[in-house]
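Okay, structure first, notes after.
Every chain is numbered from 1, with letters handed out A, B, ... down the list of sequences.
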Amino acid sequence: MRLAREGAVPPGSTISASRADAYWTQAALAAMAQDPLRAAALFGTKLGFLAAQYEIPQVESMRFESRFSRLLRLPLPGMALLLGLAAFGAVLALGRNDRAGVEVGRRTRDLLLGLAFSAALICLFFVTGRFRLALVPSLAILASGALSAWPAVSPTRRIVAVTIGGLAIVASLLGARGIDAATSDGQFLFRLGVIAEKEQDLGLARERYAAAIAIDPNEAKARINLGTLLAREGRLEEARPLLERGVALDPLSSLGRISLGQVELVTGRPAEAVQLVRGGGGPRSRVTARARGARLCELRPRAGRPGRPRGSAPPRTPGITHRSACAEPGLSPGVARAAGKRCLAGQCPAPGGRSVVRARSSRAGAGRLHVPGRRSGCGEAARLALARLAR
Amino acid sequence: MLLPSTWSACLAALFLAVSVRGAESATPLAPSRAAATGGVAGLLLLAQPTLLGLLAPLGLSLRRARAAVLPLLLGLALPLLATLLWNGLAGGVWTPISVNRGINLYIGNGPEANGAYVRRAISRKIAI
């Protein structure tokens with residue numbers, strides 16, 4: 001809802017939740033009115049998703065999560081079987097010719113009407129597996145109707161019911177073709193790439209990110225992570241198009257903006273870099289001061305890495321490490337944000353200062369110390385990015 | 001913590017149970033039972049407003065039980081009124097259910113909609 005409110009007004013303005021709601025409604029209606037045929041086709045697609053066997057995820061891939069749970073790996077019957085049995089039961093219940101048939105037929109029609117109305121309302125918005133869950137009880141009632149109706153219908157009606165039920169199963173199994181790969185498998189591979197990257201298996205991470213992009217060209221996170229990996233290896237020409245496309249797909253990605261900004265810096269385009277790292281989108285950008293400050297501070301300790309003789313103990317110099325300053329796990333968001341803002345403004349807290357960050361004696365070389373106020377945050381980042389990528 | 005979809009599935013099953021039980025009863029629907037049915041329907045709408053369609057069978061069955069209409073509507077309105085007051089007094093938004101209809105409609109029908117959830121549809125528009 002916060003995103004919705006931010007997106008509905010010019011930068012720096014505020015809007016009430018109800019006005020934001022009206023804004024997005026109008027934007028959606030305008031898009032539908034602009035191309036009614038597309039809107040109708042989209043509605044049909046969503047109906048297919050609603051009836052499909054595949055559970056469309058909203059955030060995380062079920063396939064990914066099932067790696068950690070035996071329960072999720074159980075081959076439970078899905079929507080296809082339920083839908084097929086419901087269609088089978090509904091056809092039988094509507095064709096009963098015994099004394100109770102009229103009443104059962106009326107209730108079946110009412111239930112079908114309710115289901116159709118609800119399905120249409122769901123498909124008016126977007127479809128994920130969770131939105132159709134509430135339709136399961138109605139489908140189960142229709143499916144169970146087959147048990148009582150089977151003896152009370154003609155043989156012809158039974159054949160029709162079996163045929164329609166079978167067609168419903170086939171349609172449900174086929175209904176999610178394409179969306180499976182697009183929404184789940186790409187994300188699945190992306191997550192595996194993240195794990196490989198955290199385990200420092202960068203070759204495998206690159207492979208998985210590339211596989212994710214091959215499945216879903218719009219997988220922005222995979223593009224950004226792969227581009228960042230390549231940029232860190234100095235392969236800037238390969239990294240740039242990946243990062244540019246990733247940022248275009250997800251303009252709010254702080255990692256994408258910062259990585260692309262660094263590439264811009266080292267290729268001699270500081271103005272573009274500053275715009276990207278500072279957020280580009282103005283006050284509405286979600287590139288937080290914390291993220292920017294953390295990234296700028298992250299670069300600082302690496303700048304002075306060469307110079308210490310192998311085996312010699314680094315001097316214990318009071319200093320602010322990246323972790324203590326901006327991104328230490330457990331550091332409260334408020335403190336980290338404040339630190340990030342200072343870093344961004346070139347005002348990293350002085351060593352020993354305790355007001356904003358935890359100062360501590362760190363094993364930092366003299367070259368690692370950041371001298372507050374000497375450079376702006378982005379100028380400092382430029383110098384350090386160059387040093388880093390030149391290694 | 002229970003997700004809204006869990007609530008909505010349970011409430012849908014409960015609503016079907018109480019409405020079918022009422023429809024099967026030989027006697028006219030008692031006011032208390034009608035109010036309870038309406039209350040469950042109101043909670044169902046709070047959990048997932050798009051399930052409004054499931055109330056259609058209930059509406060049709062009321063053709064034969066006009067005396068039950070008023071208590072049923074009162075039961076239906078009670079949960080919605082409670083959330084209307086809560087949203088208005090605590091959040092300043094006078095709406096009974098939620099204010100995410102517009103954004104969901106945009107995600108589902110905007111220029112980048114593909115039928116499923118598309119996060120970048122919002123983020124791209126914000127960044128423009």
| task | Give a yes or no on whether the backbone of B/G102 and the side-chain of A/D21 come within a donor-acceptor separation of less than 3.5 Å. | result | yes
| note | Most heavy-atom pairs under 4.5 Å with chain A, out of B/A17, B/A47, B/A12, B/S98, belong to B/A12
| note | Between A/A17 and B/V99 the two heavy atoms that sit nearest each other are CB-CG2, 3.8 Å
| said: For A/L124, is there any backbone N or O sitting under 3.5 Å from a side-chain donor or acceptor partner on B/N109? | reply: yes
| query | For A/V127, is it the side chain, the backbone, both, or neither that has a heavy atom closer than 4.5 Å to a heavy atom of chain B? | reply | both
| Between B/N114 and A/K46, does any side-chain donor sit less than 3.5 Å from a side-chain acceptor? | no
| Nearest-0.5 Å distance, OG of residue A/S118 to CG of residue B/L51 | 5.0 Å
| Least distance between heavy atoms, B/A9 atom then A/P137 atom | O-CG, 3.8 Å
| message | Could you measure the distance from the CZ atom of B/R101 to the CZ atom of A/F125? Nearest 0.5 Å is fine. | response | 7.5 Å
| Contact class of A/I122 relative to chain B, heavy atoms under 4.5 angstrom | both
| said: So which residue, A/F117, A/F126, A/F131, ends up with the most heavy-atom pairs under 4.5 Å with chain B? | reply: A/F126
| field | Under 4.5 Å from any heavy atom of chain A - which part of B/T95 | value | neither
| Out of curiosity, B/L105 CG to A/T25 OG1, how far, rounded to the nearest 0.5 Å? | 6.0 Å
| query | A/I141 versus chain B, heavy atoms under 4.5 Å apart: side chain, backbone, both or neither? | reply | side chain
| Is the backbone N or O of B/P111 less than 3.5 Å from a side-chain atom of A/R38, with the two atoms forming a donor-acceptor pair by type? | yes
| said: Nearest 0.5 Å, please: how far is CZ in A/R130 from OG in B/S8? | reply: 8.5 Å
| side-chain contact (heavy atoms from CB on, under 4.5 Å) between B/L16 and A/L111: does it pass, once the steps are laid out? | CA-CA 9 Å; B/L16 285 171; A/L111 201 54; 3.8 Å; yes
| query | Does A/L133 reach the side chain of B/Q48, with side-chain heavy atoms less than 4.5 Å apart? | reply | no
| request: Using non-hydrogen atoms and a 4.5 Å limit, figure out which bit of A/T128 sits close to chain B: side chain, backbone, both or neither. | output: side chain
| message | Tell me whether B/W94 at atom CH2 has more than 12 heavy atoms from other residues, nucleotides or ligands lying less than 6.0 Å away. | response | yes
